[in-house]
Student: 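Starting off with a structure, shown below.
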2 protein chains.
Amino acid sequence: MSVIETADAEGGGSLHQRILSDISEKILSGAWAPGHRIPFEHELTTEYNCSRMTVNKALSQLAKAGLIERRRRSGSFVRRPQSQAAVLEIHDIRIEVEALGLPYRYERVARHKRRSSAEDRSLLELEAIGSVLALECRHFAGKRPFAHEQRLINLAAVPEAIDEEFLAIAPGPWLIGRVPWSEAEHRIRAVAADRHIAAALDIEAGAPCLVVERRTWSAEHPITHVRFTYAAESHTLVARFRPSQG
Amino acid sequence: MSVIETADAEGGGSLHQRILSDISEKILSGAWAPGHRIPFEHELTTEYNCSRMTVNKALSQLAKAGLIERRRRSGSFVRRPQSQAAVLEIHDIRIEVEALGLPYRYERVARHKRRSSAEDRSLLELEAIGSVLALECRHFAGKRPFAHEQRLINLAAVPEAIDEEFLAIAPGPWLIGRVPWSEAEHRIRAVAADRHIAAALDIEAGAPCLVVERRTWSAEHPITHVRFTYAAESHTLVARFRPSQG
DNA sequence: TGTTTCAATATGTATATACATAATCGCCAC
DNA sequence: GTGGCGATTATGTATATACATATTGAAACA
């Protein structure tokens with residue numbers, strides 16, 4: 001196979017990108033099954049008429065993406081797919097509502113500063129007692145409540161939050177960009193609406209709801225814990241998986 | 001700052017790895033805020049006493065990971081975190097059950113081969129009418145039903161599935177490794193258990209359940225559609241986000 | 001026959017160099 | 001001023017080269 005014949009692959013113009021997408025195409029289409037030894041670097045060097053560094057750049061990226069495994073002296077081999085990992089995109093609620101073509105409205109229900117309770121510290125995974133800001137908000141899609149938000153902000157980590165009333169801006173967009181965050185953990189589960197949630201979302205008590213909880217850290221410091229509750233009909237999380245992608 | 005002083009970073013031995021983790025540490029700790037211009041390649045070159053290629057390798061990876069943005073003639077800048085993307089790990093159910101320390105048991109409830117109905121084709125996103133294998137299974141954790149599985153397998157893509165009874169092995173593990181898959185889409189939502197699901201999971205009708213649906217393609221061909229239903233108490237999905245990681 | 005040693009091999013990392021490309025700055029003419 | 005133009009600059013890509021490192025296979029040896 002010559003360079004010209006593979007020039008229709010969608011790699012981003014540069015040669016190592018094309019080598020990368022050529023090979024990943026072969027793997028993902030099944031032409032090269034798991035365990036198959038892909039050509040040596042020096043073979044690809046002659047196939048693509050380029051230097052070994054260029055081939056190496058492509059193969060190193062494939063290895064980092066987990067599509068192939070490289071063994072010294074033996075060559076590079078197609079790995080079998082193992083973990084069903086998917087990229088879950090969790091957007092700002094305003095974006096999600098507007099994607100539905102509905103007008104978005106935000107409402108702050110409550111805002112309290114308090115010394116962290118035992119439950120607060122457990123939710124934030126906070127060691128020491130300190131001040132937290134507790135917020136309760138609602139997000140509307142058209143006239144209907146779309147999501148209910150319960151949030152704790154660690155004031156030791158984000159002291160400037162105390163000056164914000166969160167009447168006009170939701171805490172999510174306020175925090176993003178203002179606080180660098182290095183780690184987040186999401187928990188997703190189904191619950192039955194309790195009376196408080198049912199009233200806030202205008203649904204029956206006991207109705208199924210999707211709960212997304214997110215904990216965020218920045219350099220080991222807990223920043224915020226937020227619980228979004230969606231009525232069952234109103235929301236579906238979508239996660240896509242596409243291996244490699246260079 | 002000299003090379004020696006930064007040698008305590010945890011980068012994987014090689015120099016470009018250390019440069020990469022040094023810089024990402026600065027960004028994630030907040031020392032370099034979003035918008036900050038990180039040193040030019042030639043500056044890092046003298047700081048680490050290495051060639052520009054080595055620095056470039058590190059910076060290119062940071063750019064691909066989305067931590068920095070590179071602009072010709074201007075330099076490289078710390079990007080502000082934007083999409084709250086998270087890596088959602090969806091494991092085999094056996095693994096999840098065993099992680100709970102409970103004995104795992106699998107049960108095939110039903111298996112039918114049929115010509116695809118309109119609903120089947122919609123679920124599989126199948127164009128043409130063809131044969132599908134419809135499976136219904138239960139996964140147990142100890143004595144309690146843990147998850148209910150409804151699966152369609154596109155027999156045009158996986159003809160050998162017709163020879164498998166799926167009495168001893170669950171369709172998930174059977175498919176993995178046998179069929180190369182290039183793309184998957186997950187949908188996660190909360191529903192109320194209907195009578196059928198309630199009976200299968202031994203819960204009350206109307207109780208909240210977490211539903212995870214997965215559609216899988218291999219090189220444009222639909223492979224399978226599966227719907228897992230979990231009783232609300234029994235399951236929480238966990239997704240972690242950690243930017244970069246080299 | 002079993003073990004040690006050594007050379008061959010493929011990948012891993014780094015260098016110096018070269019040229020392409022895009023964006024910006026400043027100069028100059030108008 | 002201001003509009004265009006070329007020089008400058010930082011990144012983007014590729015090359016040839018070099019040496020390190022892990023692993024395998026075969027030769028040499030006990």
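Keep in mind that the numbers below use all heavy atoms, side chains included, and drop hydrogens, waters and symmetry copies. By convention in this document, chain letters (A, B, ...) are assigned in the order of the sequence lines, proteins followed by strands, and residues within each chain are numbered from 1.
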Student: Using modelled atom types only, decide if a donor and an acceptor are shared between the side chain of A/R151 and the backbone of A/C137 within a distance under 3.5 Å.
Tutor: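 No, A/R151 side chain to A/C137 backbone: no donor-acceptor pair under 3.5 Å.
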Student: Between B/M53 (CE) and D/dC19 (C1'), how many Å, whole number?
Tutor: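 Those two atoms, CE and C1', are 17 Å apart.
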Student: If each of A/C50 and B/H42 is mapped to the nucleotide of DNA chain D with the nearest heavy atom, which maps nearer the 5' terminus, i.e. the 5' end?
Tutor: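 Result: B/H42.
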Student: Whole angstrom is fine here: how far is it from CD in A/Q61 over to P in D/dT13?
Tutor: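 Taking CD of A/Q61 and P of D/dT13, I get 10 Å after rounding.
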Student: Between C/dG12 atom P and A/L59 atom CG, what is the distance in whole Å?
Tutor: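 Taking CG of A/L59 and P of C/dG12, I get 8 Å after rounding.
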Student: The side chain of B/F40 is closest to which nucleotide in this list: D/dA14, D/dT11, D/dA16?
Tutor: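 Closest nucleotide among those given: D/dT11.
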Student: Could you check how far CD of B/E69 sits from P of D/dT11, rounded to whole Å?
Tutor: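 Rounded to the whole Å, the gap is 13 Å.
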Student: For A/N56 and C/dT15, what is the distance between atoms CG and C1' respectively, to the nearest whole Å?
Tutor: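 In whole Å, C/dT15 C1' and A/N56 CG are 14 Å from each other.
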Student: Among the nucleotides C/dT11, C/dT15, C/dT13, which one has an atom lying closest to any side-chain atom of B/S14?
Tutor: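 Of the options given, the side chain of B/S14 lies nearest C/dT13.
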Student: Expressed in angstrom and rounded to an integer, what is the separation of B/N49 atom CG from C/dA14 atom P?
Tutor: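 Taking atom P of C/dA14 as the reference, CG of B/N49 is at 13 Å.
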Student: Regarding B/E43 and B/R37, does a basic nitrogen lie under 4.0 Å from an acidic carboxylate oxygen?
Tutor: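 Salt bridge flag = yes for B/R37 with B/E43.
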Student: Starting at the 5' end of DNA chain C, which residue's closest nucleotide do you reach first, A/S74 or B/R73?
Tutor: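 Looking at DNA chain C, the more 5' nearest nucleotide goes with A/S74.
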Student: Can you tell me which nucleotide in D/dT11, C/dG12, D/dA16 comes closest to the side chain of A/R52?
Tutor: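 Among D/dT11, C/dG12, D/dA16, the one nearest the side chain of A/R52 is C/dG12.
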Student: Is any side-chain nitrogen or oxygen of A/T54 closer than 4.0 Å to OP1 or OP2 of D/dT15?
Tutor: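 Looking at the OP1 and OP2 atoms of D/dT15, one of them is under 4.0 Å from a side-chain N or O of A/T54.
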Student: Are any of the side-chain nitrogens in A/E164 or A/R108 under 4.0 Å away from the carboxylate oxygens of its partner?
Tutor: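 No.
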Student: Rounded to whole angstroms, how far apart are NZ on B/K57 and C1' on D/dG12?
Tutor: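 Value for this atom pair: 15 Å.
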Student: Could you tell me whether the side chain of A/V212 reaches within less than 4.5 Å of the side chain of A/R227, counting heavy atoms only?
Tutor: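 Answer no - side chains too far apart.
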Student: Rounded to the Å, how far apart are B/E41 CD and D/dG12 C1'?
Tutor: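 That distance rounds to 9 Å.
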Student: Of A/S51 and B/G75, whose nearest nucleotide on DNA chain D comes first from the 5' end?
Tutor: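 Nearest-nucleotide comparison on DNA chain D picks B/G75.
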Student: Identify whether the distance between the nearest side-chain nitrogen and carboxylate oxygen of A/E69 and A/R79 falls below 4.0 Å.
Tutor: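 Salt bridge between A/E69 and A/R79, a charged N being under 4.0 Å from a carboxylate O: no.
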Student: Should B/S76 be listed as having a side-chain N or O under 4.0 Å from OP1 or OP2 of D/dT11?
Tutor: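 True: B/S76 side-chain N/O within range (under 4.0 Å) of D/dT11 OP1/OP2.
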Student: Under the 3.5 Å rule, do the base of D/dT21 and the side chain of A/R72 count as making a donor-acceptor pair?
Tutor: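 Check passes, donor-acceptor contact within cut-off.
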